[in-house]
Amino acid sequence: MIHQTDIKEHMEVVGSDGKHVGTVDHLAKSGLIKLTKTDAKDHQHHLFPVSWVEKVDEKIHLNKSSQEAQQQWQTAA
């Protein structure tokens with residue numbers, strides 16, 4: 001089971017295909033993980049739910065491919 005305390009700022013997020021999705025900015029109060037905008041192609045923050053997390057080690061591994069994650073994430077206002 002994934003604990004929200006396992007998710008730390010500056011951790012790399014990778015898709016189920018092992019490809020880079022982003023870098024954690026912080027865990028929002030809403031329970032969504034917010035990614036930094038510095039490595040996003042559109043230079044915006046993106047959000048996705050903790051339910052997408054498959055496992056956490058030195059990286060956050062998603063249960064979606066990097067492409068699926070980028071198609072389904074929310075752009076932060």
### Task
Could you tell me whether the side chains of D39 and T23 share a donor-acceptor contact shorter than 3.5 Å?
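Yes, T23 and D39 have a side-chain donor paired with an acceptor closer than 3.5 Å.
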
### Query
In chain order, what residues pass the side-chain hydrogen bond (donor to acceptor under 3.5 Å, both in side chains) check against Q67, with sequence neighbours excluded?
none

### Query
Mind checking what makes side-chain hydrogen bond (donor to acceptor under 3.5 Å, both in side chains) contact with K34, not counting sequence neighbours?
none

### Query
Once you round to the nearest 0.5 Å, how far does CD of Q44 lie from CD of Q74?
13.0 Å

Quick check: closest heavy atoms across [X] and [Y], and the distance to 0.1 Å?
| X | Y | answer |
| --- | --- | --- |
| Q72 | K64 | OE1-NZ, 2.9 Å |
| A69 | V21 | CB-CG1, 4.2 Å |
| S66 | D17 | OG-OD2, 3.0 Å |

### Residues that H3 engages under side chain to side chain contact (heavy atoms under 4.5 Å, CB included), provided they are two or more places apart
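Applying side chain to side chain contact (heavy atoms under 4.5 Å, CB included) to H3 gives T5, D6.
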
### Query
Excluding sequence neighbours, so at least two apart, what forms side chain to side chain contact (heavy atoms under 4.5 Å, CB included) with Q4?
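For Q4 the side chain to side chain contact (heavy atoms under 4.5 Å, CB included) partners, ignoring immediate neighbours, are L27, V50.
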
### Message
With heavy-atom distances below 4.5 Å as the criterion, would you say the side chains of V14 and L62 are in contact?
### Response
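V14 vs L62: side chains apart.
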
#### Entry: Heavy-atom side-chain contact between E54 and I60 under 4.5 Å
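No, too far: nothing below the 4.5 Å cut-off.
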
For the side chain of [X] and the backbone of [Y], is there at least one donor-acceptor N/O pair under 3.5 Å apart?
| X | Y | answer |
| --- | --- | --- |
| H45 | L35 | yes |
| E68 | S65 | yes |
| N63 | V53 | no |

### Task
Determine which pairs satisfy ring-ring contact (aromatic ring centres under 6.0 Å, His included) with at least one residue from residues 46-73, sequence neighbours left out, and list them in order.
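Applying ring-ring contact (aromatic ring centres under 6.0 Å, His included) to every pair that reaches into residues 46-73, excluding sequence neighbours, yields H46-W73, F48-W52.
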
### Query
Can you pull the ring-ring contact (aromatic ring centres under 6.0 Å, His included) pairs that have at least one residue in residues 6-36, sequence neighbours excluded?
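Checked against ring-ring contact (aromatic ring centres under 6.0 Å, His included) - neighbours excluded - no pair reaches residues 6-36.
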
### Query
With hydrophobic residues grouped by side-chain heavy-atom distances under 4.5 Å, do V13 and I2 end up in a single group?
yes

